[in-house]
Amino acid sequence: MQYQHLPTTIDEQIEFLRSRGIVGDEDLMRRWLKTVGYYRLSAYWLPWELPPADGETRSKRFPAGTNFKDIIDIYIFDRQLRLLIMEAIDRFEIAVRARWTNLFSLAHGAHAHMDYTNFQNGFDYARMFSKISTTVEQSSEVFIEHYRKKYTSPYLPPLWQITELMTLGEISMWVKAAKDNNMKDAVAKDLGLPNKETMEGTLQLLSYVRNICAHHGRLWNRRTVKRAPNIKSFRHDMDIEVNGNQHQPRNSVYNVLVCPSSDNLRHMAV
């Protein structure tokens with residue numbers, strides 16, 4: 001089936017909304033449709049849509065009197081929610097970065113990241129090492145420039161400089177790839193998480209959610225692709241799905257908020 005929808009003017013978009021049951025101030029509708037866009041806003045008015053008839057995927061009809069301002073209020077709430085979650089994840093990211101860097105370098109040396117024997121899968125390690133090497137080569141950070149000018153060997157800076165160039169997703173992969181399970185368990189406990197498995201799962205989830213926030217994606221009313229790990233010590237705080245004999249956290253944004261909120265992390269300086 002060929003896509004046949006044509007672009008529409010702002011006036012036409014307002015007329016579409018009015019004909020489908022949405023009311024509101026025209027200037028308000030025009031301003032938001034111009035600056036945010038019809039398609040982005042459509043994710044926020046979706047819950048107001050009437051159920052589709054047999055054979056329909058969506059009804060694209062709304063209860064009479066559905067107010068455009070109510071939809072905008074949800075959009076603004078979601079924007080504020082993203083900012084709050086970004087701040088919480090940033091704190092968690094910095095804490096993980098600091099504790100893993102310190103414990104890993106103390107256990108395996110300042111350039112532990114350059115020794116493939118410290119990591120589990122040679123091919124995964126090669127990909128990660130190649131990527132971070134390129135990042136260092138292209139970096140104009142003052143501390144990287146200083147290292148290049150002062151030292152000739154090793155050609156990469158120490159771990160505590162390297163990790164400052166990593167994204168949360170990259171940190172997640174390096175932590176998971178490390179062989180030293182005792183060290184990873186120690187990092188997890190510092191963060192208020194019971195073990196390395198829950199820490200790795202939490203890192204993957206928060207990296208995914210951080211990317212949504214960074215790219216202005218919708219968090220409100222969203223089901224995440226990744227689930228929060230089933231952390232028994234958080235069982236009274238998490239929203240758990242019961243499916244026969246299986247108990248696991250629902251893939252809701254609420255459970256994302258629970259993960260980086262342990263007592264240990266709340267008392268950290270960050």
Side-chain angles (χ1 to χ4, degrees), residues 3 36-49 52 57-58 71 74-97 100 120-121 123-124 127-128 131-132 166-178 184 187-188 191-235 237-262 265:
Y3 187 85
V36 176
Y38 186 99
Y39 187 74
R40 176 177 287 271
L41 288 172
S42 68
Y44 295 88
W45 64 59
L46 195 60
W48 271 275
E49 278 192 21
T57 305
R58 286 175 56 187
I71 296 162
I74 294 294
Y75 180 89
I76 293 170
F77 167 80
D78 187 49
R79 183 173 60 197
Q80 294 169 340
L81 178 65
R82 285 198 305 272
L83 293 173
L84 289 171
I85 289 180
M86 277 286 281
E87 181 184 3
I89 293 176
D90 283 351
R91 293 182 179 214
F92 189 85
E93 175 186 349
I94 291 169
V96 171
R97 190 193 308 268
W100 183 73
Q120 298 176 43
N121 185 303
F123 289 106
D124 287 345
R127 282 190 289 269
M128 294 188 306
K131 185 172 183 181
I132 197 62
M166 291 182 186
T167 65
L168 179 57
E170 289 171 330
I171 293 256
S172 171
M173 290 188 288
W174 280 85
V175 169
K176 185 176 182 180
K184 289 196 283 188
V187 175
L191 298 169
L193 298 170
N195 51 47
K196 66 182 181 62
E197 288 82 12
T198 55
M199 177 179 66
E200 289 169 0
T202 299
L203 277 171
Q204 290 172 15
L205 173 66
L206 295 185
S207 175
Y208 161 73
V209 172
R210 191 187 189 285
N211 285 340
I212 293 173
C213 294
H215 294 92
H216 317 294
R218 175 179 55 86
L219 278 180
W220 170 79
N221 204 33
R222 185 176 191 136
R223 294 293 174 183
T224 60
V225 173
K226 296 181 181 292
R227 291 179 185 268
N230 197 354
I231 306 172
K232 290 182 181 179
S233 57
F234 294 175
R235 63 185 178 277
D237 299 315
M238 300 190 93
D239 179 20
I240 301 295
E241 183 178 85
V242 180
N243 181 14
N245 294 323
Q246 187 178 26
H247 295 65
Q248 62 179 341
R250 296 181 194 277
N251 56 337
S252 63
V253 171
Y254 171 81
N255 282 333
V256 175
L257 300 178
V258 173
C259 286
S261 63
S262 68
L265 192 60

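One-based numbering along the sequence shown. Only this structure's heavy atoms are used, side chains among them; waters, hydrogens and symmetry mates stay out.
- In terms of heavy-atom proximity, Asn255 sits nearest to Arg250 at ND2-O, 2.8 Å.
- Considering every non-hydrogen atom in both Gly169 and Ser207, the closest pair reads CA-OG, 3.2 Å.
- For residues 212-223, the set of pairs meeting the salt bridge (Lys or Arg N to Asp or Glu O under 4.0 Å) definition, not counting sequence neighbours, is empty.
- A search for side-chain contact (heavy atoms from CB on, under 4.5 Å) contacts involving Met173 returns Met128, Glu170, not counting sequence neighbours.
- Nearest heavy atoms, Val209 versus Ile85: CG1-CG2, 4.0 Å.
- Here the two rings, on Trp45 and Tyr75, have centers that are 6.0 Å apart or farther.
- Within the model, atoms CD1 of Ile89 and CG of Leu168 stand 7.5 Å from one another, a figure rounded to the nearest 0.5 Å.
- Of all the heavy atoms in Ala188 and Asn195, the pair that sits closest is CB-O, 3.3 Å.
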| said: I'd like to know whether Asp78 forms a side-chain contact (heavy atoms from CB on, under 4.5 Å) with Asn221, so could you lay out the CA-CA distance, the side-chain angles of the two residues, the decisive distance to 0.1 Å, and finally the verdict. | reply: CA-CA 9 Å; Asp78 187 49; Asn221 204 33; over 6 Å; no
| request: Just do the side-chain contact (heavy atoms from CB on, under 4.5 Å) check on Val175 and Val187 with the steps written out, would you? | output: CA-CA 10 Å; Val175 169; Val187 175; over 6 Å; no
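- Nearest heavy atom pair, residue Ser252 against residue Thr224, reads N-OG1, 4.4 Å.
- Closest heavy-atom contact between Pro249 and Ala228: CG-O, 3.4 Å.
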| message | Using side-chain contact (heavy atoms from CB on, under 4.5 Å), reason through Arg91 and Glu87 one step at a time and then give a plain yes or no. | response | CA-CA 6 Å; Arg91 293 182 179 214; Glu87 181 184 3; 3.2 Å; yes
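- A 4.5 Å side-chain heavy-atom check between Met166 and Ile132 finds at least one atom pair inside the cut-off.
- Residues satisfying the side-chain contact (heavy atoms from CB on, under 4.5 Å) test with Leu84, not counting sequence neighbours, are none.
- The CG atom of Leu257 sits 10.0 Å away from atom CE of Met238, with the distance rounded to the nearest 0.5 Å.
- Rounding to the nearest 0.5 Å places CE of Met86 at 8.5 Å from CD of Glu93.
- With values rounded to the nearest 0.5 angstrom, Leu219 atom CG is found 10.5 Å from Leu83 atom CG.
- Interatomic distance, CG of Asn211 versus OG1 of Thr167, reported as 7.5 Å (0.5 Å rounding).
- By the side-chain contact (heavy atoms from CB on, under 4.5 Å) test, Gln204 pairs with Ser172, Lys176, Lys226, sequence neighbours left out.
- Residues passing the ring-ring contact (aromatic ring centres under 6.0 Å, His included) test with Tyr254, sequence neighbours excluded: none.
- The line from CD1 of Ile171 to CG of Leu203 is 8.5 Å long, rounded to the nearest 0.5 Å.
- Residues satisfying the side-chain contact (heavy atoms from CB on, under 4.5 Å) criterion with Arg227, sequence neighbours excluded, are Glu241, Gln248, Asn251.
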